[in-house]
Amino acid sequence: MRIFFYLIVIIIANIVTAKFAPLELGVFIIPWGSFLIGLTFILRDMVQNKYGKKKTYLLIGMALLLSAISSYLLGDTLWIVFASAISFLVSETVDTEIYSRIKKPMHIRVLYSGTVGGVLDSTIFVIIGLSPLGAGFVPWEAVWMAILGQIVIKVTMQFAGVLVLQNSKTIKAEFAN
């Protein structure tokens, strides 16, 4: 079930991002899918707990392919698909490695790995995909707003996930399996 949720949330994040204009919250520019991407890091941690790091990397490869295909089918340019794939690969790999190496309680591992993954995902995607270096949707002077807006949401999702983790016996039991 956790694999299904991991994969479906990635696809839904692509759909939501493609179908709705970004949220402009003050100076921040936030694609709606950012709210779900923070969740994918937690779900990936659940998969890793159950199946181990080797199988998790296979699943990341499958998720990358599904993400790229769904993004392209939703009308994203090849440049955006490329930027999404690079940011996904880097952020999920770093999240996996941090999660694996930290010898702390579960909720701390989830928080650290997901926060770093979210920062990398946001920064790489905006610079490669949205800035004038990529598709040019965001001018250089607004790049920091787009990056920071996504980071705030993704990190907030990590904190929310950690709070749920700490306070839910059901989720703790799920992570333990």
Side-chain angles (χ1 to χ4, degrees), residues 6-45 47-48 53 56-101 110-159 161:
Y6 173 67
L7 296 174
I8 200 72
V9 168
I10 290 168
I11 293 169
I12 293 170
N14 283 344
I15 292 169
V16 170
T17 298
K19 297 296 180 189
F20 300 101
L23 172 65
E24 292 185 33
L25 192 60
V27 296
F28 300 126
I29 304 165
I30 307 163
W32 286 99
S34 296
F35 290 90
L36 296 170
I37 297 303
L39 177 60
T40 64
F41 292 118
I42 297 168
L43 292 169
R44 198 224 32 83
D45 293 340
V47 167
Q48 186 173 344
K53 192 160 70 166
T56 297
Y57 274 117
L58 291 173
L59 188 61
I60 289 171
M62 185 187 331
L64 175 65
L65 208 73
L66 284 172
S67 178
I69 290 168
S70 66
S71 181
Y72 180 73
L73 292 175
L74 289 163
D76 286 335
T77 67
L78 288 177
W79 197 255
I80 296 294
V81 172
F82 171 73
S84 180
I86 295 298
S87 65
F88 182 85
L89 185 62
V90 170
S91 65
E92 290 285 329
T93 299
V94 169
D95 181 283
T96 300
E97 290 303 319
I98 291 172
Y99 183 82
S100 298
R101 294 168 192 230
V110 168
L111 182 62
Y112 287 173
S113 65
T115 297
V116 173
V119 168
L120 287 171
D121 185 65
S122 302
T123 304
I124 293 168
F125 179 72
V126 171
I127 291 173
I128 293 176
L130 302 179
S131 77
L133 178 67
F137 294 137
V138 177
W140 283 118
E141 58 273 7
V143 163
W144 73 270
M145 293 178 273
I147 292 171
L148 194 55
Q150 288 188 38
I151 289 172
V152 166
I153 295 305
K154 291 172 188 172
V155 170
T156 299
M157 294 302 294
Q158 289 303 304
F159 275 97

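In this structure, the side chains of L133 and W140 come closer than 4.5 Å at one or more pairs of heavy atoms. Using a 4.5 Å heavy-atom cutoff, the side chains of L43 and V47 are not in contact. Residues F35 and I30 form a side-chain contact, since some pair of their non-hydrogen atoms from C-beta on lies under 4.5 Å apart. Looking at heavy atoms from C-beta onward, F41 lies in side-chain contact with D121 at the 4.5 angstrom threshold.
To the nearest 0.5 Å, the span separating CZ on R44 from OH on Y99 amounts to 7.5 Å. To the nearest 0.5 Å, atoms CG (L66) and CD1 (I8) are separated by 9.0 Å. With rounding to the nearest 0.5 Å, the separation of CG in L59 from CD in E92 is 9.0 Å. For the atom pair OG1 (T56) and CD1 (I60), the distance works out to 6.5 Å, reported to the nearest 0.5 Å. Expressed to the nearest 0.5 Å, how far CG of L64 lies from CG of L89 amounts to 6.0 Å. If you take CG on L120 and OG1 on T123, they are separated by 6.5 Å, rounding to the nearest 0.5 Å.
Counting all heavy atoms, side chain and backbone alike, I80 lies closest to A135 at CD1-CB, 3.9 Å. Across Q158 and V110, no two heavy atoms sit closer than the pair OE1-O, 3.1 Å. Closest heavy-atom contact between G33 and V16: N-CG1, 4.0 Å.
With sequence neighbours left out, A63 forms a side-chain contact (heavy atoms from CB on, under 4.5 Å) with Y6, L7, I10, F88. Taking S100 as the reference, Q48 meet the side-chain hydrogen bond (donor to acceptor under 3.5 Å, both in side chains) condition, with sequence neighbours excluded. Residues satisfying the side-chain contact (heavy atoms from CB on, under 4.5 Å) criterion with V81, sequence neighbours excluded, are A68, S71, Y72, D76. Residues meeting the side-chain hydrogen bond (donor to acceptor under 3.5 Å, both in side chains) test with Y57, sequence neighbours left out: E97. The ring pair (Phe, Tyr, Trp, His ring centres under 6.0 Å) test applied to Y112 returns no partner, not counting sequence neighbours. In this structure M157 satisfies the side-chain contact (heavy atoms from CB on, under 4.5 Å) test together with I153, sequence neighbours excluded. A search for side-chain hydrogen bond (donor to acceptor under 3.5 Å, both in side chains) contacts involving S131 returns nothing, not counting sequence neighbours. In terms of the side-chain contact (heavy atoms from CB on, under 4.5 Å) criterion, residue partners of V155 (sequence neighbours excluded) are, by chain and number, T115, I151, F159.
Listed by first and then second residue, the salt bridge (Lys or Arg N to Asp or Glu O under 4.0 Å) pairs involving residues 57-69 amount to none (not counting sequence neighbours). Pairs of residues two or more places apart, or lying in two chains, that qualify as side chain to side chain donor-acceptor pair (under 3.5 Å) and include a residue from residues 11-21 are N14-S67, N14-S70. Listed by first and then second residue, the side chain to side chain donor-acceptor pair (under 3.5 Å) pairs that reach into residues 22-36 come to none, sequence neighbours excluded. Residue pairs that meet the side chain to side chain donor-acceptor pair (under 3.5 Å) test with at least one member in residues 141-152, sequence neighbours left out, are Q150-K154.
Checking side-chain atoms of D95 against main-chain N and O of G114 turns up a donor-acceptor pair under 3.5 Å. In this structure, W79 contributes its side chain and I128 its backbone to a donor-acceptor pair below 3.5 Å. In this structure, S91 contributes its side chain and S87 its backbone to a donor-acceptor pair below 3.5 Å.
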